[in-house]
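In what follows, chains are A, B, ... by sequence order, proteins preceding strands, each numbered from 1. Since this is a predicted model, take the numbers as computed values, not measurements.
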2 protein chains.
Amino acid sequence: MIAENINTHISAIDDKHKVAISVDSVIMGYDEESLKVLLIECNTPPYEGKYSLLGELVNPNETLDEAVQRVLQYWTGRESLYLEEVKTFSSVNRHPLGRVITVAYYSLVEIKKFTFDETHQKNLKWIDVNKVKDLAFDHDMIFQECLEKLRQSLREKPIGFNLLPKKFSLNQLQNLYEVVLGLELDKRNFRRKINSLNLLIDLNETQQDVAHRPAKLFSFDYEHYSKQRRQGFKFEI
Amino acid sequence: MIAENINTHISAIDDKHKVAISVDSVIMGYDEESLKVLLIECNTPPYEGKYSLLGELVNPNETLDEAVQRVLQYWTGRESLYLEEVKTFSSVNRHPLGRVITVAYYSLVEIKKFTFDETHQKNLKWIDVNKVKDLAFDHDMIFQECLEKLRQSLREKPIGFNLLPKKFSLNQLQNLYEVVLGLELDKRNFRRKINSLNLLIDLNETQQDVAHRPAKLFSFDYEHYSKQRRQGFKFEI
DNA sequence: ACAAAAGTGTTGATAATACACCCATGT
DNA sequence: ACATGGGTGTATTATCAACACTTTTGT
């Protein structure tokens, strides 16, 4: 049943044990109204016309993280600030070409910096995460798992900043949480909590050209956060 | 750079994209004194004499979870009650045989039921997780990530029961948390919290043959837990 | 002066923590 | 009767949740 244990009895690897491995990347961005995912239209049967996640076979000389960044770079000209591995999908018949095991990642990007060239990449589209359905392959399942994982991580780790511009207001931040998690937060309580975490740098700047009282702008204090994290940092929203 | 996108331009998969994929399983058990991991001694260079995790190449016709259960079944004659995928390790040169991408799992077992036959499996050993070091391959790293993930999950999900016998006392449960998480808990507060979760069934039984007041025995209420989980259940220790 | 979003404190309820003694059994 | 671990309640503190009005800017 176990012919040769890969870890203890090291011999050659039979070709029948070699399979294709891909990464599928749930690239998400936030545009003040909703959380969106970047999808691509398939153009070959059996999934012609359907949307799918951006995925790619892993090359022999790269790690999975590198493959994910390569896909992002290729399609959008930029890499992601934040990547998280979510889950491996390994059903035997999940891909029509034969066995392809895929590792799902989600990545967070600043959506405004990810404008793509409509002529070359006209089959790319940002779609509201609440309207995603009927994707190619098993991508509905992969997408839902990644979305769920993002929501989970957003509550436990200060990663929301990767979806916002470098300078943002407290109301923008609160809005992000409300939109992504689908809940309403009390403004005063939210500010008290954020404040107590000491993760923001007050830029002493305000919004420009808004038809109301301009908001103060902040940025995320990555340095202070990594210090705190080393000392065991707890976060919860 | 991206010759043919696996998801949109479906053609054949080139052999150069096929690699070996394995699972490595951090099998953990608890024996009232410490948390232990099941390791196996390697008998081939370059790792001869070192211990490694139990791992195995994934077969063409099975999922990763199935591969993990197959390994467990083979070495111990039983499957695991609880499995969790942790992380994929994909450094290009992590395995001397060539490229092997591995997916790490941890699994929880009732250690008393996993006694193995010392003649056939004499190179298997339970080792205290705090004494693990110098494993073969990149297994130190894999092990530490899995241990950390277990500790995390133990605080968030009621999975500790998988490490205990079906009938257990509240002190045993508390001890498990203390040993695995490395902290001290207040007995009265611990009991109040566990009680408020309504996850235990009072068996109206007591310990036998102990030289002190016998403890009441409980079992974990899987059914009630899965109901609660569907309604969004929060847990924290 | 008005519209529109920014900003700000207090109170009551709930949950977390700290702490010390009596109880049941076997020897 | 003694040794061993099992079992129980209360008071204090910290955290969370609910709630409404004033401020600043552009038009």
Query raised in the report: Between S22(A) (side chain) and G55(A) (backbone), is there a donor-acceptor pair under 3.5 Å?
Result: no
Query - Pair K50(B) + E41(B): basic N to acidic O under 4.0 Å - result: no
Report summary line: Rounded to whole Å, the CD-P distance (Q207(A) to dT23(D)) equals 20 Å
Report summary line: Of all heavy-atom pairs linking L217(B) and S169(B), the shortest is CD2-N, 4.0 Å
Report task. Figure out the CD1/C1' separation between I194(A) and dC16(D), and round it to whole Å. Result -> 15 Å
Atom pairs under 3.5 Å: protein N/O with N/O of nucleotides 13-15 of chain C:
none

Query raised in the report: In this structure, which one of I111(B), L124(B), V109(B), V37(B) forms a side-chain contact (heavy atoms from CB on, under 4.5 Å) with I27(B)?
Result: V109(B)
Query - Contact letters for nucleotides 18-27 of chain C, in which S counts primed atoms plus P, OP1 and OP2 and B counts the base, heavy atoms under 4.0 Å - result: BBB--BBBS-
Query raised in the report: How many Å lie between CD1 on I237(B) and P on dT17(C), as a whole number?
Result: 12 Å
Query raised in the report: Is the shortest distance from a Lys or Arg side-chain nitrogen in K36(B) or D128(B) to a carboxylate oxygen in the other one below 4.0 Å?
Result: no
**Report entry** Atom-pair distance (CZ on R191(B); C1' on dT10(D)), nearest Å
**Finding:** 17 Å
**Report entry** Rounded interatomic separation in angstrom, taking NZ from K234(A) and C1' from dA14(D)
**Finding:** 13 Å
Requested in this report: Would you kindly say whether Y105(A) and D65(A) are connected by a side-chain donor-acceptor distance under 3.5 Å?
Outcome: yes
Report task. Have a look at N189(A) and tell me which of K187(A), R191(A), K193(A), R192(A) forms a side chain to side chain donor-acceptor pair (under 3.5 Å) with it. Result -> R192(A)
**Report entry** Length of the CG-C1' vector between N171(B) and dG7(D), whole Å
**Finding:** 8 Å
Query raised in the report: Taking F161(A) as the fixed residue, which of Y225(A), Y222(A), F220(A), Y177(A) is the one that meets the ring-ring contact (aromatic ring centres under 6.0 Å, His included) rule?
Result: F220(A)
Query - Separation between CD of Q174(B) and CG of D186(B), rounded to the nearest 0.5 Å - result: 7.5 Å
Report task. Measure from CG on L173(B) to P on dG7(D) and round the result to the nearest Å. Result -> 12 Å
Query - F190(A) CZ to dA17(D) P, straight-line distance once rounded to whole Å - result: 14 Å
